[in-house]
Amino acid sequence: MAAALTNTREERVLTLLHVLGPEAAEQVLACLDPQTTSLLRNRLKDVSASPPPLRKQTQVIDEFERFFSFALATPAGGLKLHQGDDPEDSEGVGDEQSTQPVYTLSGDALVDLEKMNMYQLSGALESEQPRTVALLLKVVSPKRVAQILGLLPEEKRENVVREMSRDPRAPEIILRRIASTIVERAISLPAEPRKNDDNVQRMVDVLRATEKSKRRQILKTLEAQDPAQAALINQALYQFDDLLNLEDAQIQKVLSRVDSSTLSTALFAADERLVDRIMNNLSKRARTALQEELSFRRNVSGSQLQASRQLMVQAIAESEQEAD
(Lines give C-alpha, C1' and ligand atoms only; values in the text may rest on other atoms or scores of the structure.)
Protein backbone atom coordinates (compact mmCIF):
# COMPACT_ATOMS: atom_id res chain seq x y z
CA MET A 1 0.00 0.00 0.00
CA ALA A 2 1.54 3.36 -1.01
CA ALA A 3 1.46 6.40 1.20
CA ALA A 4 -0.34 8.54 -1.34
CA LEU A 5 -3.84 7.12 -1.17
CA THR A 6 -6.75 8.40 -3.18
CA ASN A 7 -9.63 9.69 -1.10
CA THR A 8 -11.93 6.82 -2.13
CA ARG A 9 -9.37 4.12 -1.43
CA GLU A 10 -8.30 5.71 1.82
CA GLU A 11 -11.91 5.99 2.98
CA ARG A 12 -12.49 2.28 2.31
CA VAL A 13 -9.33 1.29 4.18
CA LEU A 14 -10.22 3.49 7.14
CA THR A 15 -13.77 2.16 7.24
CA LEU A 16 -12.52 -1.43 7.23
CA LEU A 17 -10.02 -0.73 10.02
CA HIS A 18 -12.78 0.92 12.04
CA VAL A 19 -15.06 -2.13 11.61
CA LEU A 20 -12.29 -4.55 12.61
CA GLY A 21 -11.78 -2.77 15.92
CA PRO A 22 -8.70 -1.28 17.64
CA GLU A 23 -6.85 -4.55 18.32
CA ALA A 24 -7.14 -5.95 14.80
CA ALA A 25 -6.51 -2.51 13.25
CA GLU A 26 -3.20 -2.21 15.09
CA GLN A 27 -2.13 -5.63 13.82
CA VAL A 28 -2.85 -4.52 10.26
CA LEU A 29 -1.07 -1.18 10.67
CA ALA A 30 2.01 -2.93 12.03
CA CYS A 31 2.41 -4.66 8.65
CA LEU A 32 2.45 -1.42 6.62
CA ASP A 33 5.26 1.01 5.92
CA PRO A 34 5.77 3.72 8.61
CA GLN A 35 4.54 6.62 6.45
CA THR A 36 1.29 4.89 5.54
CA THR A 37 0.80 3.71 9.11
CA SER A 38 1.18 7.24 10.47
CA LEU A 39 -1.25 8.64 7.90
CA LEU A 40 -3.92 6.02 8.57
CA ARG A 41 -3.54 6.08 12.35
CA ASN A 42 -4.13 9.86 12.46
CA ARG A 43 -7.17 9.64 10.18
CA LEU A 44 -8.54 6.61 12.04
CA LYS A 45 -9.05 8.73 15.16
CA ASP A 46 -11.38 11.00 13.20
CA VAL A 47 -13.26 8.04 11.72
CA SER A 48 -13.73 6.50 15.18
CA ALA A 49 -15.06 9.77 16.51
CA SER A 50 -17.50 10.11 13.60
CA PRO A 51 -18.12 6.62 12.11
CA PRO A 52 -19.33 6.26 8.51
CA PRO A 53 -22.97 5.26 7.90
CA LEU A 54 -23.85 1.61 8.51
CA ARG A 55 -24.61 1.19 4.79
CA LYS A 56 -21.09 2.30 3.92
CA GLN A 57 -19.58 -0.08 6.49
CA THR A 58 -21.58 -2.98 5.06
CA GLN A 59 -20.45 -2.17 1.51
CA VAL A 60 -16.80 -2.15 2.55
CA ILE A 61 -17.11 -5.45 4.44
CA ASP A 62 -18.86 -7.09 1.46
CA GLU A 63 -16.14 -5.88 -0.89
CA PHE A 64 -13.41 -7.19 1.40
CA GLU A 65 -15.10 -10.57 1.81
CA ARG A 66 -15.42 -10.98 -1.97
CA PHE A 67 -11.75 -10.18 -2.44
CA PHE A 68 -10.71 -12.45 0.43
CA SER A 69 -12.78 -15.38 -0.86
CA PHE A 70 -11.28 -14.94 -4.32
CA ALA A 71 -7.73 -14.80 -2.95
CA LEU A 72 -8.28 -17.87 -0.79
CA ALA A 73 -9.73 -19.91 -3.64
CA THR A 74 -6.93 -19.01 -6.06
CA PRO A 75 -3.96 -21.42 -5.99
CA ALA A 76 -0.61 -19.75 -5.44
CA GLY A 77 2.51 -20.77 -7.37
CA GLY A 78 0.79 -23.70 -9.05
CA LEU A 79 0.41 -25.67 -5.83
CA LYS A 80 -2.56 -27.97 -5.54
CA LEU A 81 -5.17 -26.87 -3.03
CA HIS A 82 -6.31 -30.40 -2.19
CA GLN A 83 -4.18 -33.31 -1.06
CA GLY A 84 -4.84 -36.53 -2.89
CA ASP A 85 -8.44 -35.79 -3.89
CA ASP A 86 -8.18 -33.38 -6.81
CA PRO A 87 -10.47 -33.90 -9.84
CA GLU A 88 -7.75 -35.74 -11.72
CA ASP A 89 -7.30 -38.11 -8.78
CA SER A 90 -10.97 -39.02 -8.30
CA GLU A 91 -14.15 -39.16 -10.33
CA GLY A 92 -16.32 -37.25 -7.87
CA VAL A 93 -17.34 -36.72 -4.29
CA GLY A 94 -18.91 -40.14 -3.97
CA ASP A 95 -15.68 -41.86 -5.05
CA GLU A 96 -13.48 -40.55 -2.21
CA GLN A 97 -11.18 -43.03 -0.53
CA SER A 98 -12.24 -44.25 2.89
CA THR A 99 -9.20 -42.60 4.44
CA GLN A 100 -7.29 -39.41 3.63
CA PRO A 101 -3.58 -38.58 3.90
CA VAL A 102 -2.44 -37.31 7.29
CA TYR A 103 -2.58 -33.53 7.19
CA THR A 104 -0.43 -31.24 9.31
CA LEU A 105 -2.23 -28.06 10.36
CA SER A 106 -0.88 -24.98 8.60
CA GLY A 107 -1.50 -22.48 11.37
CA ASP A 108 -4.08 -20.71 9.20
CA ALA A 109 -7.52 -22.01 10.20
CA LEU A 110 -9.18 -20.87 6.96
CA VAL A 111 -6.65 -22.83 4.90
CA ASP A 112 -7.08 -25.84 7.19
CA LEU A 113 -10.84 -25.83 6.53
CA GLU A 114 -10.01 -26.57 2.90
CA LYS A 115 -7.23 -29.08 3.39
CA MET A 116 -7.83 -31.02 6.60
CA ASN A 117 -9.50 -34.42 6.84
CA MET A 118 -13.11 -34.01 5.71
CA TYR A 119 -14.47 -36.59 8.15
CA GLN A 120 -12.98 -34.77 11.11
CA LEU A 121 -14.23 -31.41 9.83
CA SER A 122 -17.77 -32.62 9.14
CA GLY A 123 -17.90 -34.20 12.60
CA ALA A 124 -16.95 -30.91 14.24
CA LEU A 125 -19.48 -28.96 12.17
CA GLU A 126 -22.40 -31.20 13.13
CA SER A 127 -22.84 -29.50 16.52
CA GLU A 128 -22.64 -25.96 15.08
CA GLN A 129 -25.53 -23.70 14.18
CA PRO A 130 -26.49 -23.90 10.47
CA ARG A 131 -25.62 -20.22 9.95
CA THR A 132 -22.13 -20.78 11.38
CA VAL A 133 -21.58 -23.74 9.06
CA ALA A 134 -22.84 -21.70 6.10
CA LEU A 135 -20.42 -18.88 6.92
CA LEU A 136 -17.45 -21.25 6.97
CA LEU A 137 -18.47 -23.04 3.77
CA LYS A 138 -18.36 -19.70 1.95
CA VAL A 139 -14.56 -19.65 2.17
CA VAL A 140 -13.88 -23.16 0.83
CA SER A 141 -14.01 -24.53 -2.70
CA PRO A 142 -17.27 -25.80 -4.26
CA LYS A 143 -15.95 -29.36 -4.17
CA ARG A 144 -15.18 -29.06 -0.47
CA VAL A 145 -18.68 -27.70 0.14
CA ALA A 146 -20.14 -30.75 -1.61
CA GLN A 147 -17.98 -33.11 0.47
CA ILE A 148 -18.99 -31.59 3.80
CA LEU A 149 -22.68 -31.29 2.94
CA GLY A 150 -22.68 -34.92 1.86
CA LEU A 151 -21.40 -36.02 5.27
CA LEU A 152 -23.84 -33.97 7.36
CA PRO A 153 -27.15 -35.46 8.58
CA GLU A 154 -30.05 -34.77 6.21
CA GLU A 155 -31.86 -32.28 8.45
CA LYS A 156 -28.65 -30.42 9.22
CA ARG A 157 -27.73 -30.33 5.55
CA GLU A 158 -31.07 -28.82 4.59
CA ASN A 159 -30.77 -26.10 7.24
CA VAL A 160 -27.22 -25.26 6.17
CA VAL A 161 -28.21 -25.02 2.50
CA ARG A 162 -31.09 -22.74 3.49
CA GLU A 163 -28.66 -20.45 5.34
CA MET A 164 -26.23 -20.49 2.41
CA SER A 165 -28.99 -19.25 0.12
CA ARG A 166 -29.32 -16.20 2.38
CA ASP A 167 -25.65 -15.36 1.75
CA PRO A 168 -24.54 -14.85 5.40
CA ARG A 169 -21.60 -12.50 5.99
CA ALA A 170 -19.09 -11.78 8.73
CA PRO A 171 -15.78 -9.89 8.99
CA GLU A 172 -12.66 -11.98 8.38
CA ILE A 173 -11.50 -11.63 11.97
CA ILE A 174 -14.75 -13.25 13.15
CA LEU A 175 -14.48 -15.99 10.53
CA ARG A 176 -10.94 -16.77 11.62
CA ARG A 177 -11.94 -17.07 15.27
CA ILE A 178 -14.82 -19.40 14.42
CA ALA A 179 -12.65 -21.45 12.06
CA SER A 180 -9.90 -21.78 14.66
CA THR A 181 -12.36 -23.17 17.23
CA ILE A 182 -13.79 -25.66 14.71
CA VAL A 183 -10.38 -26.86 13.55
CA GLU A 184 -9.16 -27.38 17.13
CA ARG A 185 -12.21 -29.49 17.86
CA ALA A 186 -12.01 -31.37 14.56
CA ILE A 187 -8.46 -32.67 14.99
CA SER A 188 -9.56 -34.68 18.03
CA LEU A 189 -12.27 -36.53 16.08
CA PRO A 190 -11.89 -39.80 14.11
CA ALA A 191 -10.20 -39.39 10.71
CA GLU A 192 -12.09 -42.29 9.14
CA PRO A 193 -15.66 -42.46 7.81
CA ARG A 194 -18.23 -44.04 10.09
CA LYS A 195 -19.13 -47.60 9.27
CA ASN A 196 -22.81 -46.81 9.53
CA ASP A 197 -25.08 -43.83 9.85
CA ASP A 198 -25.30 -44.02 13.64
CA ASN A 199 -26.43 -40.54 14.61
CA VAL A 200 -26.15 -41.34 18.33
CA GLN A 201 -22.49 -42.34 17.98
CA ARG A 202 -21.77 -39.31 15.83
CA MET A 203 -23.17 -37.00 18.49
CA VAL A 204 -21.24 -38.86 21.18
CA ASP A 205 -17.99 -38.31 19.23
CA VAL A 206 -18.75 -34.61 18.86
CA LEU A 207 -19.70 -34.13 22.51
CA ARG A 208 -16.63 -35.97 23.82
CA ALA A 209 -14.51 -33.50 21.84
CA THR A 210 -16.46 -30.52 23.19
CA GLU A 211 -15.54 -28.56 26.31
CA LYS A 212 -17.51 -29.75 29.33
CA SER A 213 -18.88 -26.25 29.89
CA LYS A 214 -20.54 -26.34 26.46
CA ARG A 215 -21.43 -30.03 26.47
CA ARG A 216 -24.35 -29.67 28.88
CA GLN A 217 -25.89 -26.85 26.85
CA ILE A 218 -25.86 -29.04 23.73
CA LEU A 219 -27.37 -31.94 25.68
CA LYS A 220 -30.19 -29.71 26.98
CA THR A 221 -31.01 -28.73 23.40
CA LEU A 222 -31.07 -32.38 22.36
CA GLU A 223 -33.27 -33.30 25.33
CA ALA A 224 -35.80 -30.66 24.31
CA GLN A 225 -35.89 -31.93 20.72
CA ASP A 226 -35.72 -35.70 21.27
CA PRO A 227 -35.62 -36.94 24.91
CA ALA A 228 -35.25 -40.59 23.91
CA GLN A 229 -32.25 -39.96 21.66
CA ALA A 230 -30.72 -37.61 24.25
CA ALA A 231 -30.92 -40.41 26.83
CA LEU A 232 -29.09 -42.80 24.49
CA ILE A 233 -26.42 -40.18 23.80
CA ASN A 234 -25.99 -39.45 27.48
CA GLN A 235 -25.66 -43.17 28.22
CA ALA A 236 -22.95 -43.63 25.58
CA LEU A 237 -21.16 -40.36 26.30
CA TYR A 238 -19.09 -41.60 29.25
CA GLN A 239 -16.65 -44.50 29.45
CA PHE A 240 -15.16 -46.47 32.31
CA ASP A 241 -11.64 -45.27 31.45
CA ASP A 242 -12.80 -41.66 31.94
CA LEU A 243 -11.98 -42.21 35.62
CA LEU A 244 -8.32 -41.71 34.71
CA ASN A 245 -8.99 -38.12 33.64
CA LEU A 246 -11.29 -36.99 36.46
CA GLU A 247 -10.21 -34.74 39.30
CA ASP A 248 -9.84 -36.42 42.72
CA ALA A 249 -12.91 -34.63 44.06
CA GLN A 250 -15.04 -35.95 41.21
CA ILE A 251 -13.69 -39.50 41.60
CA GLN A 252 -14.78 -39.36 45.21
CA LYS A 253 -18.30 -38.34 44.11
CA VAL A 254 -18.39 -41.31 41.75
CA LEU A 255 -17.26 -43.70 44.49
CA SER A 256 -19.98 -42.43 46.80
CA ARG A 257 -22.58 -43.63 44.28
CA VAL A 258 -21.48 -47.29 44.05
CA ASP A 259 -21.14 -50.10 46.59
CA SER A 260 -17.92 -51.98 47.31
CA SER A 261 -19.03 -55.12 45.46
CA THR A 262 -19.72 -53.19 42.26
CA LEU A 263 -16.41 -51.37 42.58
CA SER A 264 -14.31 -54.48 43.15
CA THR A 265 -15.98 -56.27 40.23
CA ALA A 266 -15.46 -53.28 37.92
CA LEU A 267 -11.76 -53.08 38.84
CA PHE A 268 -11.12 -56.75 38.04
CA ALA A 269 -8.27 -56.87 35.46
CA ALA A 270 -8.49 -53.07 35.07
CA ASP A 271 -5.61 -50.80 34.10
CA GLU A 272 -3.22 -50.52 37.08
CA ARG A 273 -3.16 -46.74 36.73
CA LEU A 274 -6.93 -46.64 37.09
CA VAL A 275 -6.84 -48.93 40.13
CA ASP A 276 -4.23 -46.66 41.72
CA ARG A 277 -6.39 -43.57 41.10
CA ILE A 278 -9.30 -45.27 42.85
CA MET A 279 -7.19 -46.49 45.77
CA ASN A 280 -5.73 -43.02 46.30
CA ASN A 281 -9.24 -41.59 46.71
CA LEU A 282 -10.39 -44.05 49.38
CA SER A 283 -9.95 -43.87 53.12
CA LYS A 284 -7.31 -46.17 54.60
CA ARG A 285 -9.97 -48.54 55.88
CA ALA A 286 -11.92 -48.64 52.60
CA ARG A 287 -8.68 -49.08 50.63
CA THR A 288 -7.68 -52.10 52.75
CA ALA A 289 -11.12 -53.67 52.36
CA LEU A 290 -11.07 -53.19 48.57
CA GLN A 291 -7.59 -54.69 48.29
CA GLU A 292 -8.80 -57.76 50.17
CA GLU A 293 -11.84 -58.13 47.90
CA LEU A 294 -9.68 -57.86 44.79
CA SER A 295 -7.22 -60.44 46.13
CA PHE A 296 -10.05 -62.96 46.60
CA ARG A 297 -11.50 -62.49 43.10
CA ARG A 298 -10.17 -65.14 40.76
CA ASN A 299 -12.68 -64.97 37.99
CA VAL A 300 -15.39 -62.56 36.80
CA SER A 301 -17.73 -63.33 33.90
CA GLY A 302 -17.94 -60.96 30.96
CA SER A 303 -21.55 -60.08 31.77
CA GLN A 304 -20.69 -59.30 35.41
CA LEU A 305 -17.75 -57.12 34.38
CA GLN A 306 -19.84 -55.25 31.81
CA ALA A 307 -22.72 -54.71 34.24
CA SER A 308 -20.52 -53.40 37.05
CA ARG A 309 -18.58 -51.09 34.78
CA GLN A 310 -21.82 -49.76 33.32
CA LEU A 311 -22.91 -48.86 36.85
CA MET A 312 -19.63 -47.01 37.27
CA VAL A 313 -20.23 -45.18 33.99
CA GLN A 314 -23.69 -44.16 35.18
CA ALA A 315 -22.11 -42.81 38.36
CA ILE A 316 -19.61 -40.82 36.27
CA ALA A 317 -22.46 -39.34 34.20
CA GLU A 318 -24.46 -38.39 37.29
CA SER A 319 -21.47 -36.72 38.95
CA GLU A 320 -20.68 -34.81 35.74
CA GLN A 321 -24.24 -33.55 35.45
CA GLU A 322 -24.27 -32.59 39.11
CA ALA A 323 -21.09 -30.58 38.55
CA ASP A 324 -22.70 -28.77 35.59
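Please read these numbers as outputs of a predicted model, since none were measured by experiment.
- Inter-residue side-chain proximity for E163 and V133 is flagged as unmet; no heavy-atom pair is nearer than 4.5 Å.
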Apply the test side chain to side chain contact (heavy atoms under 4.5 Å, CB included) to residues N280 and R287: give CA-CA distance (whole Å), side-chain angles for both, the deciding distance (0.1 Å), then the verdict.
CA-CA 8 Å; N280 291 336; R287 182 164 57 248; 5.6 Å; no
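- A donor-acceptor contact closer than 3.5 angstrom links the side chains of N159 and R162.
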Side chain to side chain contact (heavy atoms under 4.5 Å, CB included) between L29 and E26: does it pass, once the steps are laid out?
CA-CA 5 Å; L29 292 173; E26 282 301 317; 3.9 Å; yes
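- Minimum interatomic distance between V206 and G123 (heavy atoms only, all atoms of both residues): CG2-O, 2.8 Å.
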Is there a side chain to side chain contact (heavy atoms under 4.5 Å, CB included) between I187 and D112? Walk through the geometry before answering.
CA-CA 10 Å; I187 58 176; D112 293 333; over 6 Å; no
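- Using a distance-only test at 3.5 Å, with no hydrogens or angles considered, a donor-acceptor pair links the side chain of T181 to the main chain of R177.
- Rounded to the nearest 0.5 Å, atoms CD (E158) and CG (L152) are 11.5 Å apart.
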Would you check, one step at a time, whether the test side chain to side chain contact (heavy atoms under 4.5 Å, CB included) holds for L246 with L243?
CA-CA 5 Å; L246 297 181; L243 286 165; 4.0 Å; yes
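- Follow the hydrophobic side-chain contacts under 4.5 Å out from L274 and you reach L255 in the same cluster.
- Expressed to the nearest 0.5 Å, how far CG of L136 lies from CD1 of I148 amounts to 10.5 Å.
- By the side chain to side chain contact (heavy atoms under 4.5 Å, CB included) test, Q229 pairs with N199, V200, D226, I233, sequence neighbours left out.
- Counted within 6.0 Å of CD on Q291, heavy atoms from surrounding residues, nucleotides or ligands total more than 12; the atom is thus considered enclosed.
- The two residues G150 and R157 come nearest to each other via the heavy atoms O-NH1, 4.0 Å.
- Between R208 and D242 the shortest side-chain heavy-atom distance falls below 4.5 Å.
- Between S127 and R185 there is a side-chain heavy-atom pair separated by less than 4.5 Å.
- Among all heavy-atom pairs drawn from M312 and L263, the shortest one is CE-CD1, 3.8 Å.
- Between F240 and L267 the shortest side-chain heavy-atom distance falls below 4.5 Å.
- With hydrophobic clusters built from ILVMFWY side chains whose heavy atoms lie under 4.5 angstrom apart, V183 does not share a cluster with L189.
- Contact check for I316 versus R257: no side-chain heavy atoms found under the 4.5 Å cut-off.
- Note on residues 265-276: pairs passing side chain to side chain donor-acceptor pair (under 3.5 Å), not counting sequence neighbours, are T265-R297, D271-R273.
- Counting all heavy atoms, side chain and backbone alike, L294 lies closest to M279 at CD1-CE, 3.8 Å.
- Under the side-chain contact (heavy atoms from CB on, under 4.5 Å) rule, E128 has a single partner from I182, L135, I178, which is I182.
- Side chain of T210 to backbone of R215: no donor-acceptor contact under 3.5 angstrom is found.
- L149 CG to L137 CG: the interatomic distance, rounded to the nearest 0.5 Å, is 5.5 Å.
- In terms of heavy-atom proximity, H18 sits nearest to P52 at CD2-CD, 4.4 Å.
- Taking CZ from R12 and CG from L17, the interatomic distance works out to 12.5 Å, rounded to the nearest 0.5 Å.
- Cluster membership check: L244 does not share its hydrophobic cluster with L311, using side-chain heavy-atom separations under 4.5 Å among Ile, Leu, Val, Met, Phe, Trp and Tyr.
- The line from OG of S261 to CD of E293 is 6.5 Å long, rounded to the nearest 0.5 Å.
- In this structure the side chain of R144 never reaches within 4.5 angstrom of the side chain of L113, judged on heavy atoms.
- Taking hydrophobic clusters as Ile, Leu, Val, Met, Phe, Trp and Tyr residues chained together by side-chain heavy-atom distances below 4.5 Å, V275 shares a cluster with V313.
- A donor-acceptor distance shorter than 3.5 angstrom exists from the side chain of S308 to the backbone of L305, with no hydrogens or angles considered.
- Here the side chains of K253 and E318 are not in contact, with every heavy-atom distance at 4.5 Å or above.
- Distance CG/L110 to OG/S180: 9.5 Å, rounded to 0.5 Å.
- With hydrogens and angles disregarded, no donor-acceptor distance shorter than 3.5 Å links the side chain of E126 to the backbone of M203.
- Taking a 6.0 Å sphere around CD of Q310, one finds it holds more than 12 heavy atoms contributed by other residues, nucleotides or ligands.
- Taking both residues in full, the closest heavy atoms of A134 and V160 are given as CB-O, 4.0 Å, listed atom of the first, atom of the second, then distance.
- The shortest distance between side-chain heavy atoms of V145 and K138 does not fall below 4.5 Å.
- The cluster map of Ile, Leu, Val, Met, Phe, Trp and Tyr, joined by side-chain heavy atoms under 4.5 Å apart, puts M118 and V139 in the same cluster.
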